[in-house]
*Asks:* 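Have a look at the structure that comes next, please.
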Amino acid sequence: MVATPSKEALKLFQDGCLALAVLESNGICMDVERINRTIDEVGVQIEDLTGELKTDEVWKTWKRRWGDKSNLSSRSQLASILFKEMGYESKHATKTGRDKVDVDALEGIDLPFVQKWIRVEKHKKLRSTYLVGIRREVCDGLLHPSFNLHLTRTYRGSCDSPNFQNIPIRDPEIGGMIRRCFIPRPGRVLVEVDYSALEFRIASCFWSDPAMIRYASDSTLDIHRDMAAECYKMPVEQVTKKPRFYAKNGFVFPELYGSYYCNVARELWNAIESAELTTADGVDLFKHLRRAGISELGACDSHDKPVKGTFEHHICQVEKRFNEKFPTWSRKKDEWLKLYQKRGWFRTMTGFVCAGVFSRNELYNYPVQGPAFHCLLWSLIQLVKQIKKRKMQTLVVGQIHDSILADVPEEELDDYLQMVKQIMTVDVRDHWAWIVAPLGVEAEVTRTNWFEKKAVEIK
DNA sequence: CACTGGAGCCAC
DNA sequence: AAACGTGGCTCCAGTG
């Protein structure tokens, strides 16, 4: 017997298609003048930096080696110059055995040429993928990305032409240049409402681990903060934003999705240097760890047992405690795997069937990632429906996995915020009994452009 | 010239 | 034994 998706699952995607079609048709208002201006400005920056690179000694070596075929954008050529001609040591290989030439590999090379090369490449990416790529899709000042529901293995959504779901934000210089081009329509504001910690909360529901649910429910508890404290051996009060960020993305999520101490330890260790992590009192975390008796990373090789006194050994212990902290999760991981191995398929809490060959890690990720998005999609459907019913002028214009972007008339702002919060945190829980953890949202508003959005309270 | 896969980088 | 997931876009390098 072939398992089939539930009626509810099918309906969610049917209604979802219609709601997303409304978003696509509405479109996002763009500052085309600014896009054009920025394309020129970044173009000049790229030319200037390229000119500087071409006066560098390294470029002479490059020309000697590659002659007329010399191409500053070629990573394989750069690799040949650095690792063959200049004798730098290549520490990482790609899966096809070539020398890695990514930011991670290049950051260790202390050459002005290389650091400038990284900067040029970042700007080229910004210009071609985002500025030029987005301008190509703008029609009468509006951008109409395609929001898909038929392409992912997890029953998440995706987006293309352009992909509105990966606009830079982490690097403020790059993010600012592109996000300032997204603007509200005249007399309106852009409103972005996103779920707080949605994936962790949905994970707690899926595994029904009481301790995990407690973390997801009590706003005074913070798993990322607590794990930062453990990983970097500091008191909770000494954990600031940055170490918390790296604990979240370098420990908690990787561990939840099947990574382990070898990789995790390396990641957390490297973050100390690259992000210049400190305690709240400003003590460098290497120094801090040394005081606590840890002065080296360790081999981080799966064949060797971690050596006592190393960071790797410490993280191995933290991992053990993490598993003990969430005993139900630890137990159910195995049961979930066994069930799949027996049947060859599984069903998400939202009624979708995942059938096929899955790795262990995919098995941990899919049942969380899909349903988390389905909370957003269900909310989006209700939102679009209610806006129409109430004859509001608000236009929902975008969706980014756990957030909704809308173009709202100033006079509808308060109503809109109330409505969206009610749907996303209350109504969705009435609809799905499996959501046993509370949900929360955060809202940001801007009257100028998407980069300038500021947090607002929802009363 | 069209097409493909790899590598890399952007987001959640 | 093995080792975090999902996407889209661009460029290069190689193929026919």
Side-chain angles (χ1 to χ4, degrees), chain A residues 66 69-80 92-106 118 120-134 136-137 145-171 174-175 178-179 192 194-200 202-203 248-267 300-303 316 319 333 337 354 358-373 376 398-404:
Chain A
W66 291 96
K69 289 202 175 68
S70 295
N71 179 353
L72 193 58
S73 300
S74 165
R75 292 186 128 85
S76 62
Q77 288 185 16
L78 177 61
S80 74
H92 304 283
T94 68
K95 62 176 177 188
T96 53
R98 290 182 271 242
D99 293 329
K100 263 198 166 286
V101 200
D102 58 4
V103 169
D104 204 45
L106 293 177
I118 293 174
V120 179
E121 284 305 304
K122 269 203 183 341
H123 281 73
K124 283 185 187 165
K125 162 97 174 166
L126 165 72
R127 191 172 187 276
S128 60
T129 302
Y130 297 105
L131 293 163
V132 174
I134 285 175
R136 193 165 48 226
E137 300 289 343
S146 297
F147 291 99
N148 312 302
L149 289 180
H150 63 301
L151 294 174
T152 70
R153 292 160 58 79
T154 55
Y155 300 100
R156 225 196 197 193
S158 73
C159 180
D160 64 67
S161 310
N163 182 358
F164 172 69
Q165 298 178 319
N166 70 346
I167 312 294
I169 188 167
R170 296 266 289 275
D171 180 333
I174 302 292
I178 178 66
R179 285 189 178 233
E192 189 172 356
D194 65 313
Y195 275 117
S196 3
L198 182 63
E199 258 189 49
F200 184 79
I202 297 306
K248 171 183 175 187
N249 297 304
F251 184 89
V252 177
F253 281 121
E255 290 284 346
L256 281 176
Y257 295 141
S259 190
Y260 78 124
Y261 65 89
C262 271
N263 296 331
V264 166
R266 216 181 287 122
E267 186 81 6
C300 292
D301 186 326
S302 54
H303 304 296
C316 184
E319 181 176 285
K333 276 194 288 187
L337 178 62
C354 299
F358 301 121
S359 71
R360 192 199 58 160
N361 293 343
E362 288 170 325
L363 224 52
Y364 296 157
N365 180 267
Y366 290 14
V368 176
Q369 199 185 89
F373 169 66
L376 191 282
Q399 162 266 126
I400 312 181
H401 309 301
D402 68 350
S403 80
I404 295 175

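Every chain is numbered from 1, with letters handed out A, B, ... down the list of sequences. Remember, predicted model here, so these are calculated numbers, not experimental data.
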*Asks:* Would you mind classifying the nucleic acid contact of A/Val101 as base, sugar-phosphate or nothing, using non-hydrogen atoms under 4.0 angstrom?
*Replies:* sugar-phosphate
*Asks:* Would you indicate what A/Arg136 reaches in the nucleic acid, counting non-hydrogen atoms under 4.0 angstrom: base, sugar-phosphate, or nothing?
*Replies:* sugar-phosphate
*Asks:* Can you measure A/Asp402 atom CG to B/dC12 atom C1' for me and round it to whole angstrom units?
*Replies:* 6 Å
*Asks:* How many Å lie between CZ on A/Phe200 and C1' on C/dC4, as a whole number?
*Replies:* 15 Å
*Asks:* Is the distance from OP1 or OP2 of C/dC9 to the nearest side-chain N or O of A/Tyr130 less than 4.0 Å?
*Replies:* no
*Asks:* If you look at every strand shown and take non-hydrogen atoms under 4.0 Å, does A/Arg98 touch a base, only sugar-phosphate, or nothing?
*Replies:* sugar-phosphate
*Asks:* Calculate the interatomic distance between A/Ile118 atom CD1 and B/dG8 atom P; express it in whole Å.
*Replies:* 12 Å
*Asks:* When we call it a touch if two heavy atoms are under 4.0 Å apart, what does A/Val264 touch: a base, just sugar-phosphate, or nothing?
*Replies:* nothing
*Asks:* Inspect the contact between A/Arg156 and A/Glu199 and indicate whether a charged nitrogen and a carboxylate oxygen are less than 4.0 angstrom apart.
*Replies:* yes
*Asks:* Under 4.0 Å, counting only non-hydrogen atoms across every strand here, what does A/Cys159 touch: a base, just sugar-phosphate, or nothing?
*Replies:* sugar-phosphate
*Asks:* So what does A/Phe373 touch, heavy atoms closer than 4.0 Å: a base, only the sugar-phosphate, or nothing?
*Replies:* nothing
*Asks:* Check for a donor-acceptor pair, side chain of A/Asn71 on one end and backbone N or O of A/Ser73 on the other, with a separation under 3.5 Å.
*Replies:* yes
*Asks:* Answer yes or no: does a side-chain N or O of A/Lys100 lie under 4.0 Å from OP1 or OP2 of B/dG8?
*Replies:* yes
*Asks:* Once you apply a heavy-atom cut-off of 4.0 Å, does A/Ile174 come out as touching a base, just sugar-phosphate, or nothing?
*Replies:* nothing
*Asks:* Taking any heavy-atom pair under 4.0 Å as a contact, classify A/Ser76: base, sugar-phosphate, or nothing.
*Replies:* sugar-phosphate
*Asks:* OP1 or OP2 of B/dC12 sitting under 4.0 Å from any side-chain N/O of A/Asn166?
*Replies:* no
*Asks:* Any N or O donor-acceptor pair linking the side chain of A/Arg75 to the base of C/dC11 at under 3.5 Å?
*Replies:* no
*Asks:* Does any non-hydrogen side-chain atom of A/Tyr130 lie less than 4.5 Å from one of A/Lys125?
*Replies:* yes
*Asks:* Please tell me whether A/Ser74 and A/Trp66 have a donor and an acceptor in their side chains that are separated by less than 3.5 angstrom.
*Replies:* no
*Asks:* NA contact type, A/Ser359, heavy-atom cut-off 4.0 Å: base, sugar-phosphate, or nothing?
*Replies:* nothing
*Asks:* To the nearest Å, how far apart are A/Lys95 NZ and B/dA7 C1'?
*Replies:* 9 Å
*Asks:* Return the nearest nucleotide to the side chain of A/Ser259; candidates are C/dC4, C/dC11, C/dG7.
*Replies:* C/dC4
*Asks:* B/dA7, OP1 or OP2 - any side-chain N/O from A/Thr94 closer than 4.0 Å?
*Replies:* yes
*Asks:* With sugar-phosphate meaning primed atoms plus P, OP1 and OP2, does A/Gln369 contact a base, only sugar-phosphate, or nothing at under 4.0 Å between heavy atoms?
*Replies:* base
*Asks:* Taking CD from A/Glu199 and P from B/dA11, how many angstroms apart are they, rounded to a whole number?
*Replies:* 16 Å
*Asks:* Distance criterion of 3.5 Å, no angle test: do you see the side chain of A/Arg156 paired donor-to-acceptor with the base of C/dT6?
*Replies:* yes
*Asks:* Measure from the ring centre of A/Tyr260 to the centre of the six-membered ring in the base of C/dA3, then say whether that distance is under 5.5 Å and the planes meet at under 30°.
*Replies:* yes
*Asks:* Between the base of B/dC10 and the side chain of A/Lys125, is there any donor-acceptor pair under 3.5 Å?
*Replies:* no
*Asks:* Whether A/Thr96 contacts B/dG6 is assessed here as follows: a side-chain N or O lying under 4.0 Å from the phosphate OP1 or OP2. Is that the case?
*Replies:* no
*Asks:* Establish, with yes or no, whether the OP1 or OP2 oxygen of C/dA13 is under 4.0 angstrom from a side-chain nitrogen or oxygen of A/Ser74.
*Replies:* yes
*Asks:* Taking ring-ring contact (aromatic ring centres under 6.0 Å, His included) as the test, write out the residues that go with A/Tyr366, two or more places apart.
*Replies:* A/Phe358
*Asks:* Please enumerate all residues that pass side-chain contact (heavy atoms from CB on, under 4.5 Å) together with A/Asn249, with sequence neighbours excluded.
*Replies:* A/Phe245, A/Phe253
*Asks:* What does A/Leu198 touch in the nucleic acid at a heavy-atom separation under 4.0 angstrom: a base, only the sugar-phosphate, or nothing?
*Replies:* nothing
*Asks:* Of the nucleotides C/dC4, C/dT6, B/dC12, which has the atom closest to the A/Tyr257 side chain?
*Replies:* C/dC4
*Asks:* Taking only the side-chain heavy atoms of A/Thr129 (C-beta and beyond), determine which of C/dG8, B/dC12, C/dC9 contains the nearest atom.
*Replies:* C/dC9
*Asks:* So, OP1 or OP2 of C/dA13: does either fall under 4.0 Å of a side-chain N or O from A/Lys69?
*Replies:* no
